[in-house]
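I have placed the structure first, in the form of structure tokens, so that the comments after it can refer back to it.
In the text below, chain A, chain B and the rest are named by the order of the sequence lines, each starting its count at 1. Predicted model, so just to flag it, every value in this text is computed and none were measured.
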There are 2 protein chains.
Amino acid sequence: MSAPRARTRIQAKNSQAILDAALDIFSQYGFRGATLDQIAERAGLSKPNLLYYFPSKEAIYVALLAGLMDTWLAPLRALHHDGDPVEEILGYLRRKLEMSRLYPRESRLFANEILQGAPQILDQIEGDLKALVDDKAALIRLWIAEGRLAPVDPYHLVFSIWATTQHYADFDIQVHRVLGQEGDAPFAEAERFLTHLYRSALTPNPLTAR
Amino acid sequence: MSAPRARTRIQAKNSQAILDAALDIFSQYGFRGATLDQIAERAGLSKPNLLYYFPSKEAIYVALLAGLMDTWLAPLRALHHDGDPVEEILGYLRRKLEMSRLYPRESRLFANEILQGAPQILDQIEGDLKALVDDKAALIRLWIAEGRLAPVDPYHLVFSIWATTQHYADFDIQVHRVLGQEGDAPFAEAERFLTHLYRSALTPNPLTAR
DNA sequence: CCTGCCGCTGACCATTTGGTCAAACAATCA
DNA sequence: TGATTGTTTGACCAAATGGTCAGCGGCAGG
């Protein structure tokens with residue numbers, strides 16, 4: 001997802017391989033549960049060679065998280081005042097679900113980081129993330145005041161979209177086993193269900209609209 | 001949540017203290033990331049003393065998970081055919097949210113286990129869990145066929161309830177920081193929001209009902 | 001009060017783990 | 001080609017980690 005700054009071809013290739021392998025391992029076991037040996041083996045490199053490219057285990061982890069937040073918030077940033085409010089939010093829902101489908105490891109990495117108390121990204125949560133959500137919450141309140149959206153708590157609306165979409169990445173094992181399915185089929189079904197869910201709840205009631 | 005079988009008072013007290021401490025640690029760091037020293041310190045016992053009560057780290061972890069699944073599924077089991085379908089599902093939603101409020105550590109332990117590939121509970125997921133969801137999905141389909149519930153995919157309805165309710169336990173740090181609140185206030189707000197969300201989506205439309 | 005078991009501990013052990021380093025090896029460029 | 005820079009590795013290290021064990025103290029029942 002994020003390409004590291006590199007001077008030579010070999011550097012670009014190997015540090016990318018390291019980050020990719022580290023994403024596999026960290027997203028599954030969390031920072032503490034992952035080992036450099038696991039990452040090195042998955043990357044096809046020796047452990048000392050890993051540490052030639054990154055100074056420490058934590059540096060790899062931080063490098064992964066560094067680029068993640070921006071990418072992760074891009075779908076919400078794209079929520080704009082123009083257009084129909086309900087369709088705007090449904091578009092956000094679709095983009096977020098697509099993120100879960102395309103980048104499940106990143107979603108799990110994020111989940112693991114938060115479960116462990118968000119030691120690395122707490123300031124980003126209180127800073128960028130909170131600011132962005134505050135901003136979009138104000139927009140949603142505006143839409144509600146205009147009668148173009150049913151009156152709902154904008155923060156919990158956003159939380160519920162995060163929860164439902166990331167669930168398909170973070171708990172995909174459970175989803176697949178319960179459904180008895182494999183592959184991306186659940187995502188298409190989820191999109192249909194969630195679209196109905198949010199369209200019902202967000203469409204303003206014409207009988208009570210002013 | 002689950003009391004271990006014990007013969008003496010001291011056994012009961014200490015193994016309970018161990019399980020309580022282990023729940024703290026495992027739910028935050030996952031199985032691999034947790035250490036016996038952490039658990040021993042939190043339990044106020046020495047590490048050899050831990051291993052006097054449990055034969056291994058894994059045994060503690062398994063003991064925690066063993067009782068969890070039943071408790072975790074109790075709210076869904078309580079979904080019955082009697083009563084109004086919409087209110088039944090809203091009741092399930094409320095019970096599940098209450099579980100997140102009262103037992104956030106258990107929720108995180110479960111989340112961590114699934115993130116790591118559910119090595120210990122995969123068979124329970126494919127067995128008990130799937131069977132229960134299949135059963136309740138059939139009930140929901142019945143309600144839909146009777147026109148007493150809007151037509152929705154029952155599996156993804158359940159998934160979305162899991163996702164939205166467990167989110168407030170698993171991601172509570174994020175929720176609290178974004179809201180700038182502390183304590184249980186988010187749960188009350190979430191209940192209001194989610195009630196509206198699901199009531200809107202599940203109430204059958206009288207215009208299209210047959 | 002003494003005997004035997006339960007509870008507990010310090011010392012110890014093997015393995016794993018994050019990390020270092022000197023030296024070997026490969027690529028590049030003047 | 002030779003000098004320089006970039007890349008890789010085997011050997012090694014200290015700390016952390018899961019686990020063992022002999023023994024000691026205390027409490028309980030006879």
Side-chain angles (χ1 to χ4, degrees), chain A residues 3-66 109 112-113 116-117 119-120, chain B residues 3-65 109 112-113 116 119-120:
Chain A
R5 52 278 162 258
R7 304 173 177 281
T8 75
R9 301 279 164 69
I10 288 183
Q11 271 180 27
K13 180 170 75 75
N14 280 350
S15 38
Q16 190 53 54
I18 291 170
L19 288 176
D20 192 67
L23 183 54
D24 276 356
I25 305 298
F26 281 134
S27 66
Q28 186 170 359
Y29 298 109
F31 178 71
R32 297 226 21 191
T35 74
L36 285 181
D37 294 275
Q38 284 179 298
I39 297 171
E41 190 188 347
R42 172 112 15 155
L45 299 172
S46 67
K47 186 168 62 168
N49 205 7
L50 270 205
L51 294 162
Y52 171 73
Y53 289 98
F54 291 89
S56 70
K57 179 186 178 183
E58 193 176 355
I60 305 178
Y61 187 70
V62 170
L64 277 177
L65 281 179
L109 182 74
N112 249 312
E113 166 71 7
Q116 309 201 2
Q120 298 288 343
Chain B
R5 52 278 162 258
R7 304 174 176 282
T8 77
R9 300 280 162 69
I10 287 185
Q11 270 178 31
K13 181 170 74 75
N14 280 349
S15 37
Q16 190 54 53
I18 291 170
L19 288 176
D20 192 67
L23 183 54
D24 276 356
I25 305 298
F26 280 135
S27 66
Q28 186 170 0
Y29 298 109
F31 178 71
R32 298 225 23 192
T35 74
L36 286 180
D37 294 274
Q38 284 178 297
I39 297 171
E41 191 189 347
R42 172 112 13 156
L45 299 172
S46 68
K47 186 168 62 168
N49 205 8
L50 270 205
L51 294 162
Y52 171 73
Y53 289 98
F54 291 88
S56 69
K57 178 186 177 183
E58 192 175 357
I60 305 177
Y61 188 70
V62 169
L64 277 177
L65 282 179
L109 182 74
N112 249 313
E113 167 71 6
Q116 308 200 3
Q120 299 287 345

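- Checking each of A:Phe54, A:Tyr29, A:Phe31 against A:Tyr61 for a ring pair (Phe, Tyr, Trp, His ring centres under 6.0 Å) leaves exactly one that passes, namely A:Phe31.
- Formation of a donor-acceptor pair under 3.5 Å by the B:Arg42 side chain with backbone atoms of B:Ala21 is not found in this model.
- Residues B:Phe26 and B:Lys57 are in side-chain contact: their nearest non-hydrogen atoms beyond the backbone lie under 4.5 Å apart.
- The NZ-P distance, from A:Lys13 to C:dA27, rounds to 11 Å in whole Å.
- Between the side chain of B:Gln120 and the backbone N or O of B:Glu113 there is no donor-acceptor pair closer than 3.5 Å.
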Please write out each protein N/O paired with an N/O of nucleotides 7-18 of chain D under 3.5 Å, distance rounded to 0.1 Å.
| residue | atom | partner | partner atom | Å |
| --- | --- | --- | --- | --- |
| D:dT7 | OP1 | A:Thr8 | OG1 | 2.6 |
| D:dT7 | OP2 | A:Gln11 | NE2 | 2.7 |
| D:dT7 | OP2 | A:Tyr52 | OH | 3.1 |
| D:dT8 | OP1 | A:Asn14 | ND2 | 3.3 |
| D:dT8 | OP2 | A:Asn14 | ND2 | 3.1 |
| D:dT8 | OP2 | A:Asn49 | OD1 | 3.3 |
| D:dT8 | OP2 | A:Asn49 | ND2 | 3.3 |
| D:dT8 | OP2 | A:Tyr53 | OH | 2.5 |
| D:dT8 | O5' | A:Asn49 | ND2 | 3.2 |
| D:dT9 | OP2 | A:Ser46 | OG | 3.1 |
| D:dT17 | OP1 | A:Arg32 | NH2 | 3.3 |
| D:dG18 | OP1 | B:Ala34 | O | 3.3 |
| D:dG18 | OP1 | B:Lys57 | NZ | 3.0 |
| D:dG18 | OP2 | B:Leu36 | N | 2.8 |
| D:dG18 | N7 | B:Lys47 | NZ | 2.9 |

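- The nearest pair of heavy atoms linking B:Leu50 to B:Leu45 is CD2-CD1, 4.3 Å.
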